[in-house]
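This report concerns only the one structure given below.
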Amino acid sequence: MVQEAALKEKKSQATGLSGADLLLKALEKENVEVIFGYPGGAVLPIYDKLYDSKILHVLPRHEQGGIHAAEGYARISGKPGVVIATSGPGATNIITGLADAMMDSLPLVVITGQVATSVIGSDAFQEADILGITTPITKYNYQIRDTKDIPRIVKEAFYIATSGRPGPVVIDFPKDLAAALTEELQEQEISLPGYQPTIEPNLLQVRKLAEAVSKAKRPVILAGAGVLHAKASALLKQFAEQQKLHVVHTLLGLGGFPAGHELYIGMAGMHGCYAANMALYQCDLLINIGARFDDRLTGNLKHFAPNARVAHIDIDPAEIGKNIHTHIPVVGDAREALIQLVRQDTKPPEQDEWVETISTWKKDFPYYYENTDVLKPQKVMELLYEKTAGEAIVVTDVGQHQMWAAQYYQFENADRWVTSGGLGTMGFGLPASIGAQLADPSACVIAVLGDGGFQMSTQELAVIAEFQLPIKIAIFNNKTLGMVRQWQEIFYGSRFSHSKNPVQPSFVKLAEAYGIKGYQINSEAEAQSVLDEVLNNSEPVLLDFRVDADENVYPMIAPGKGIHEMVGVKK
Ligand SMILES: Cc1ncc(C[n+]2csc(CCOP(=O)(O)OP(=O)(O)O)c2C)c(N)n1
């Protein structure tokens with residue numbers, strides 16, 4: 001035994017490789033191009049190796065910014081976002097991002113530093129039980145206990161993050177193992193007997209669904225982000241066109257089907273359009289592809305698609321029947337399911353009356369606002385859409401501006417939309433736009449933010465300045481926490497409890513302090529000319545749009561109400 005250990009030690013010294021080296025080698029093997037990381041004591045052995053690494057390292061100015069940037073990167077690139085945070089406070093600073101990525105099914109591989117194995121459990125300096133804390137908000141988590149496991153664990157982490165329903169994976173890495181010398185290890189196979197995601201759908205179920213389509217009188221497709229994760233937009237279009245089926249999107253699914261297509265109805269849900277919500281209410285066949293029947297979509301479950309047979313295609317069997325009774329479950333990848341569905345090529349349903357009804361709803365009840373001399377947020381969003389020909393990547397924060405972006409930016413293409421849907425995380429937008437721009441450097445990236453969410457993330461202006469990322473930061477500045485103010489106005493008798501920002505810095509001067517050009521915009525005419533000036537240039541810019549503070553987002557389904565009980569619908 002003693003001899004064996006001595007031999008191992010000798011071999012390790014001969015290679016000169018540490019646990020941190022093995023980690024970086026494994027990351028390189030996964031073709032990692034960028035790491036969003038923040039150093040600290042427990043990850044110093046890793047940072048020492050990063051000093052010589054080819055991988056681009058982006059230093060956010062707060063770990064939460066780093067993980068949101070990784071989410072933006074993952075959403076646009078389709079590759080996992082990689083994050084490093086130190087133990088204790090570094091790791092706890094990324095918790096919100098993990099929960100956010102878990103809710104929105106974004107693939108992340110997150111390496112957290114941990115105290116040395118000899119002191120784990122002793123309340124050592126900067127120790128936090130990251131496995132315990134992150135278990136409910138990760139797809140999986142690991143703690144490295146032996147350097148020989150590093151290549152396998154990294155390989156498995158990338159596989160788990162990206163396969164099946166994507167999600168975040170944490171690797172907790174004790175400092176002593178990162179520093180320890182080790183042998184060069186050979187390629188290791190992954191070993192996950194308990195994790196076998198179903199990709200190919202059951203053909204009998206697909207046939208059942210195809211039959212149901214051919215018999216339907218009022219069919220509608222509800223397409224969620226699963227279509228985007230599966231890279232299935234082209235197939236969705238093919239299937240919808242083949243069967244003449246109308247499509248409704250969830251908030252996260254926007255761009256999966258072209259907004260200008262005659263079969264597109266619009267976004268459904270709490271602030272969705274009248275036609276989309278009514279189509280879900282009155283349909284007799286609902287084909288859910290890659291959406292999870294979230295409560296902000298369905299409203300009161302009692303009134304959701306009450307007369308419909310429900311088909312649900314989802315890669316995660318846990319989603320089927322979770323909120324809505326499902327008649328035709330199809331477990332599998334959306335892309336594979338659509339390939340099979342298109343192959344069935346059954347006779348399209350007879351639905352003339354339904355098509356007519358949908359078209360009347362679309363024509364008679366579009367999104368509506370009254371334009372006045374005060375700059376309207378909806379007008380700003382329309383201008384952003386028109387002046388980028390619908391081709392920008394739009395990244396939002398959370399609040400009213402997020403809903404106006406979803407309503408007024410017409411996405412023709414997939415993977416142009418980044419928003420925090422499930423967790424609704426303020427402070428997400430600005431850092432996520434950094435990741436989106438790094439994933440697609442030539443794209444026009446617009447960060448649509450509220451003044452509240454922007455102030456939760458202003459430190460990340462430093463990253464935008466450092467890398468000269470040409471992000472157009474559009475702040476919808478209503479000097480209030482607008483969505484909270486809206487709810488207080490409607491449901492709490494206009495008692496605006498702590499929802500007005502009492503002090504606000506000059507956003508233009510703040511941008512200038514980072515060397516970023518800033519503009520304050522007070523009218524539609526100014527908006528027109530400033531946007532013409534800045535949208536095509538290759539520099540970062542901050543646009544402080546002073547928008548109407550009293551504007552509300554409509555239509556709206558109040559909490560507890562059914563999907564057909566929208567208020568604020570105008571003809
Ligand atoms: C981290 C976090 N805290 C609180 C909230 C609750 N919340 C949802 S929207 C909102 C107001 C957002 O205000 P602002 O960023 O100015 O955007 P606006 O609604 O005015 O467009 C708040 C406080 C949240 N979603 N996230």
Side-chain angles (χ1 to χ4, degrees), residues 38 58-66 68-69 72 93 96 374-377 380-381 384 394-402 404-405 420 424-434 437 445-486 488 496-524 526-527 529-531 533-535 537 539-551:
Y38 206 98
V58 174
L59 180 82
R61 297 325 194 244
H62 187 293
E63 287 91 346
Q64 186 178 344
H68 292 326
N93 272 350
T96 303
V374 187
L375 183 59
K376 292 287 176 176
V380 176
M381 215 50 240
L384 287 171
V394 179
V395 185
T396 77
D397 210 79
V398 170
Q400 290 182 310
H401 62 280
Q402 176 189 30
W404 286 315
S420 168
T425 305
M426 279 175 76
F428 171 89
L430 187 65
S433 72
I434 292 171
Q437 186 76 78
V445 174
I446 307 175
V448 174
L449 314 173
D451 47 298
F454 173 60
Q455 288 182 86
M456 284 196 180
S457 57
T458 52
Q459 74 283 349
E460 304 310 340
L461 288 172
V463 181
I464 293 173
E466 180 186 342
F467 290 89
Q468 276 300 295
L469 300 173
I471 298 169
K472 312 303 172 214
I473 305 162
I475 302 173
F476 284 48
N477 188 354
N478 50 17
K479 294 193 177 169
T480 76
L481 303 174
M483 191 55 97
V484 171
R485 189 205 53 73
Q486 173 166 346
Q488 289 173 333
F496 299 118
S497 180
H498 306 287
S499 55
K500 305 226 160 156
N501 283 328
V503 172
Q504 196 176 69
S506 157
F507 293 150
V508 169
K509 282 190 183 159
L510 185 64
E512 284 167 0
Y514 285 97
I516 295 172
K517 238 191 209 167
Y519 298 80
Q520 193 190 105
I521 298 155
N522 299 291
S523 67
E524 190 182 328
E526 278 175 24
S529 67
V530 173
L531 286 177
E533 183 186 331
V534 303
L535 275 176
N537 70 25
E539 293 164 2
V541 65
L542 181 145
L543 308 168
D544 179 5
F545 290 102
R546 298 302 178 97
V547 296
D548 188 347
D550 296 321
E551 194 63 33

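Heads up: numbering here begins at 1 and tracks the sequence.
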Under 3.5 Å donor-acceptor, [X] side chain and [Y] backbone:
X: E524; Y: K376; result: no
X: K472; Y: E539; result: yes
X: S506; Y: K509; result: yes
X: E63; Y: Y38; result: no

Roughly how far, to the nearest 0.5 Å, is the [atom2] atom of [Y] from the [atom1] atom of [X]?
X: Q488; Y: M483; atom1: CD; atom2: CE; value: 12.5 Å
X: L461; Y: F507; atom1: CG; atom2: CZ; value: 10.0 Å
X: N522; Y: D544; atom1: CG; atom2: CG; value: 8.0 Å
X: T480; Y: F496; atom1: OG1; atom2: CZ; value: 8.5 Å
X: I434; Y: I464; atom1: CD1; atom2: CD1; value: 4.5 Å
X: T96; Y: M426; atom1: OG1; atom2: CE; value: 12.5 Å

| field | side chain to side chain contact (heavy atoms under 4.5 Å, CB included) assessment of F454 paired with L510 | value | CA-CA 11 Å; F454 173 60; L510 185 64; 4.1 Å; yes

Can you see which heavy atom on [X] is nearest to which on [Y], and at what distance?
X: V395; Y: G429; answer: CG1-O, 3.5 Å
X: P431; Y: H68; answer: CG-CB, 3.7 Å
X: V398; Y: G424; answer: CG2-C, 3.4 Å

| Going through the checks in order, is the side chain to side chain contact (heavy atoms under 4.5 Å, CB included) test met by E466 and R61? | CA-CA 11 Å; E466 180 186 342; R61 297 325 194 244; 3.1 Å; yes

Is there a side-chain contact between [X] and [Y], using heavy atoms and a 4.5 Å cut-off?
X: Q520; Y: V530; answer: no
X: L535; Y: V541; answer: no
X: P505; Y: Q455; answer: yes
X: L543; Y: V380; answer: no
X: Y519; Y: E533; answer: yes

| field | Stepwise side chain to side chain contact (heavy atoms under 4.5 Å, CB included) test for L531 and I521 | value | CA-CA 10 Å; L531 286 177; I521 298 155; 5.9 Å; no

| Would you say the side-chain atoms of Q400 and E551 include a donor-acceptor pair closer than 3.5 Å? | no

| request: Classify the angle between the aromatic ring planes of F476 and H401 as parallel (below 30°), tilted (30 to 60°) or perpendicular (above 60°). | output: tilted

| remark: Partner of D451 under side-chain contact (heavy atoms from CB on, under 4.5 Å), picked from N477, L481, D397, is N477

